[in-house]
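Some notes on the structure that comes next.
Chain naming here is simple, since letters A, B, ... match the order of the sequence lines and numbering starts at 1 in each. Just so you know, these numbers come straight off a predicted model, no measurement behind them. We use all heavy atoms of the structure for the numbers below, so side chains are in, but hydrogens, waters and symmetry mates are not.
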Amino acid sequence: MEQGVISLDSVGAFDLQSTVESGQSYTWSREDGRMYDQTHTYGGSAWYSTVLPATMVGQPAVVRVRQRDGRLEWESTIDAHEPLVDLLRLDDNLDAIMDETADEPLIREAYEAYRGLRLVRDPPFSSLVSFICSAQMRVSRIHEMQRSLARAFGDPVEFDGQTYHAFPTPKQLATATEAELRELKLGYRAPYVVATAEMVANGELHPTDVIDMDYEQARERLTEFVGVGQKVADCVLLFSLDFLQAVPLDTWIRGAIADQFPDCDRDSYTEMSRAIRERFGAEYAGYAQTYVFHYLREAEETDVAA
DNA sequence: TATCCAAGGTAAGTT
DNA sequence: AACTTACCTTGGATA
């Protein structure tokens with residue numbers, strides 16, 4: 001077992017729990033099994049694990065990490081330092097990003113309230129599949145689906161006396177049948193996942209093909225995958241492909257934006273996206289929206305409870 | 001205990 | 001191009 005420590009002194013604010021449990025990534029699991037547990041509180045020091053895809057480091061690699069005493073402790077089958085910096089966007093300078101973001105009171109409040117929340121940089125294929133699965137689903141169930149897919153079709157990897165499973169490769173998932181995925185409770189998303197996996201496996205289109213494209217063009221291209229509309233495309237662009245200007249517009253955030261920034265409200269997805277990006281800051285609108293999303297979400301939940 | 005409903009949308013069919 | 005509707009499943013709310 002390899003292990004190490006990543007000091008956060010030069011990284012800036014970072015909160016592991018809010019970053020991996022905020023519904024942008026479905027590749028991490030809490031070792032204590034309490035992911036998305038309603039009783040959780042941010043700031044804990046639980047271990048989280050993931051399995052890096054072979055495409056990233058040559059072969060599937062287990063990585064375990066926890067945040068404690070202002071630093072990140074990791075254990076892995078490989079030297080996981082650089083992969084962790086990459087996956088958790090520890091190379092982002094949050095303050096610099098906020099400097100480039102619109103000076104809106106709500107954004108500032110959200111940034112303070114969720115200090116240390118970062119976007120993730122997930123492996124593209126698992127990101128694509130997880131957001132296809134996200135349609136009309138709760139976060140905890142999306143997570144369960146990804147775990148089921150890994151157990152059923154992904155490579156097993158032994159580490160520290162346990163068996164972990166890598167997320168299936170496109171080829172592995174393309175061998176799945178719609179019926180098998182319905183068994184795994186994917187519901188009507190099952191045929192979408194099979195068709196999209198086939199497209200990637202046979203070389204027709206890979207999510208990374210759009211990396212050098214203009215943002216709106218990239219989003220349009222991703223919608224060629226089955227089960228991928230503009231919202232899911234934006235999630236993949238923002239949470240995997242480094243398009244930090246992408247603002248995924250789900251039904252909830254559209255309502256919230258209509259409330260808080262009525263001048264950005266539009267019927268058309270494309271037009272509303274443009275208006276929000278103009279208002280929040282063209283370069284990092286996705287970062288700003290992610291903070292605002294969680295801030296308003298929690299505010300709403302608190303209100304309902306009260 | 002039974003029933004109802006919404007959950008971070010998308011595809012396909014109609015105007 | 002804009003507007004409707006069906007779609008799997010499940011946990012939590014309501015009766």
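- Under the 4.0 Å criterion applied to side-chain N and carboxylate O atoms, A:Asp250 and A:Lys231 are not assigned as salt-bridge partners.
- By the side chain to side chain contact (heavy atoms under 4.5 Å, CB included) test, A:Val226 pairs with A:Tyr192, A:Ala195, A:Thr196, A:Met199, sequence neighbours left out.
- Of the P atoms belonging to C:dT5 and B:dA6, the separation is 16 Å, rounded to the nearest Å.
- Looking at A:Arg219 and A:Asp234, a side-chain N of the basic residue comes within less than 4.0 Å of a carboxylate O on the acidic one, giving a salt bridge.
- Under 4.0 Å is where a charged nitrogen must lie from a carboxylate oxygen, and between A:Arg30 and A:Asp37 no such pair does.
- Atom-to-atom, CG of A:Leu296 to P of B:dG8 comes out at 15 Å; the value is rounded to the nearest Å.
- In this entry the distance linking CZ of A:Arg141 with P of B:dA6 reads 17 Å, nearest Å.
- The interatomic distance linking A:Asp37 (CG) with C:dG11 (P) rounds to 15 Å, in whole Å.
- The existence of a salt bridge linking A:Arg108 and A:Glu112 is excluded, since no basic side-chain nitrogen approaches an acidic carboxylate oxygen closer than 4.0 Å.
- Distance noted for atom P between C:dT10 and B:dA11: 23 Å (whole Å).
- C:dC8 and B:dG13 have their P atoms separated by 14 Å, given to the nearest Å.
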Pairing string of DNA chain C (Watson-Crick or G-U wobble, both atom distances under 3.5 Å; | = paired to other strand) is |||||||.|||||||
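- Counting only N and O atoms by type, the side chains of A:Gln136 and A:Tyr188 include no donor and acceptor under 3.5 Å apart.
- In this structure, CE of A:Met145 is placed 12 Å from C1' of B:dG9, rounded to the nearest angstrom.
- Using a 4.0 Å cut-off between charged side-chain N and carboxylate O, A:Arg147 and A:Glu144 make no salt bridge.
- Between A:Phe293 atom CZ and B:dA7 atom P the separation is 11 Å, expressed in whole Å.
- The environment of A:Asn93 atom CG is dense: over 12 non-hydrogen atoms of other residues, nucleotides or ligands sit within 6.0 angstrom.
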Counting primed atoms, P, OP1 and OP2 as sugar-phosphate and everything else as base, the B/S/- map of nucleotides 10-15 of chain B against protein heavy atoms under 4.0 Å is BS----
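- Near-neighbour residues of DNA chain B inside residues 258-275 of chain A, defined by a heavy atom below 4.0 Å, are absent.
- Spacing between atom NE2 of A:His294 and atom C1' of B:dG8 amounts to 10 Å, rounded to whole angstrom units.
- In this structure, A:Arg138 places its CZ atom 6 Å from P of B:dG8, rounding to the nearest Å.
- In this structure, A:Gln59 places its CD atom where only 12 or fewer heavy-atom neighbours from other residues, nucleotides or ligands lie under 6.0 Å away.
- Here A:Arg182 lies in heavy-atom contact (under 4.0 Å) with sugar-phosphate atoms only.
- Separation of the A:Tyr111 and A:Tyr295 ring centroids does not fall under the 6.0 Å cut-off.
- Partners of A:Ala61 under the side chain to side chain contact (heavy atoms under 4.5 Å, CB included) rule, at least two apart in sequence or in another chain, are A:Leu52, A:Val57, A:Thr77, A:Ile78.
- Applying the ring pair (Phe, Tyr, Trp, His ring centres under 6.0 Å) test to A:Phe293 and every residue at least two apart in sequence or in another chain returns A:Trp252.
- As rounded to whole Å, 15 Å separates atom C1' of C:dT9 from atom CD of A:Glu178.
- Counting distance only, with no hydrogens placed and no angle test, the side-chain atoms of A:Arg189 and the base atoms of C:dC8 include a donor-acceptor pair under 3.5 Å.
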